[in-house]
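Here's the structure, in structure tokens; my notes come after.
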Amino acid sequence: VTWVYLMGSETLIRQRLEGRVGHFMDAAMLRSQVDALEEPSGVVVADVSRSPREIVEQILEAVPPAGHD
């Protein structure tokens, strides 16, 4: 198992939340989530400010193929 931490600034995440319609996570709840976040260690970190394609490429480069340790 390889854990991937999708890391982004509070500002960017707030902007994306505010742009969503009908999403269960209200942007007003974000501050408490950021305050409670314990950033993981020993994981693949992907920067969500990048494009989806770049994020996937970054993850695939960091994660070894199945069966290879």
Side-chain angles (χ1 to χ4, degrees):
V1 173
T2 301
W3 292 96
V4 177
Y5 172 45
L6 300 174
M7 182 182 68
S9 71
E10 182 176 353
T11 301
L12 175 62
I13 295 169
R14 179 174 304 283
Q15 289 171 347
R16 291 182 179 176
L17 282 171
E18 289 172 346
R20 291 182 176 177
V21 176
H23 193 270
F24 74 93
M25 175 70 176
D26 185 270
M29 297 168 53
L30 180 60
R31 172 83 314 237
S32 66
Q33 297 296 301
V34 170
D35 289 343
L37 176 65
E38 293 182 33
E39 291 193 340
S41 60
V43 301
V44 173
V45 178
D47 180 358
V48 298
S49 67
R50 301 169 75 185
S51 73
R53 177 181 294 272
E54 291 172 321
I55 293 169
V56 169
E57 288 173 356
Q58 179 184 3
I59 293 168
L60 291 175
E61 287 175 5
V63 175
H68 296 85
D69 292 54

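Position 1 is the first residue of the sequence, and the numbers go up from there. Side-chain atoms are counted along with the backbone in the values below, which use heavy atoms only and exclude waters and symmetry mates.
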Atom pair [atom1] ([X]) and [atom2] ([Y]), whose distance is rounded to the nearest 0.5 Å:
| X | Y | atom1 | atom2 | value |
| --- | --- | --- | --- | --- |
| Arg16 | Ser49 | CZ | OG | 7.5 Å |
| Gln58 | Ser51 | CD | OG | 10.5 Å |
| Leu30 | Arg14 | CG | CZ | 5.0 Å |

Is it true that Val1 and Leu60 fall in one hydrophobic cluster, defined by side-chain heavy atoms closer than 4.5 Å?
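No, no single cluster joins them.
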* Going only through I, L, V, M, F, W and Y residues with side-chain contacts under 4.5 Å, is there a path from Met29 to Val34? ->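 In one cluster with Met29: Val34, yes.
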Which pair of non-hydrogen atoms, one from Val43 and one from Tyr5, has the smallest distance, and what is that distance?
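Closest approach of Val43 to Tyr5: CG2-CB, 3.7 Å.
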For Arg31, is there an ion pair with Glu10 - N to carboxylate O distance below 4.0 angstrom?
yes
Any chance you could pull the hydrophobic cluster mates of Ile59, using side-chain heavy atoms under 4.5 angstrom and chaining through other members?
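Result for Ile59 is Val4, Leu6, Leu12, Val44, Val48, Ile55, Val63.
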Exercise. Would you please name every residue forming a side-chain contact (heavy atoms from CB on, under 4.5 Å) with Ser32, sequence neighbours left out?
Key: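 Counting only residues at least two positions away or on another chain, Ser32 forms no side-chain contact (heavy atoms from CB on, under 4.5 Å).
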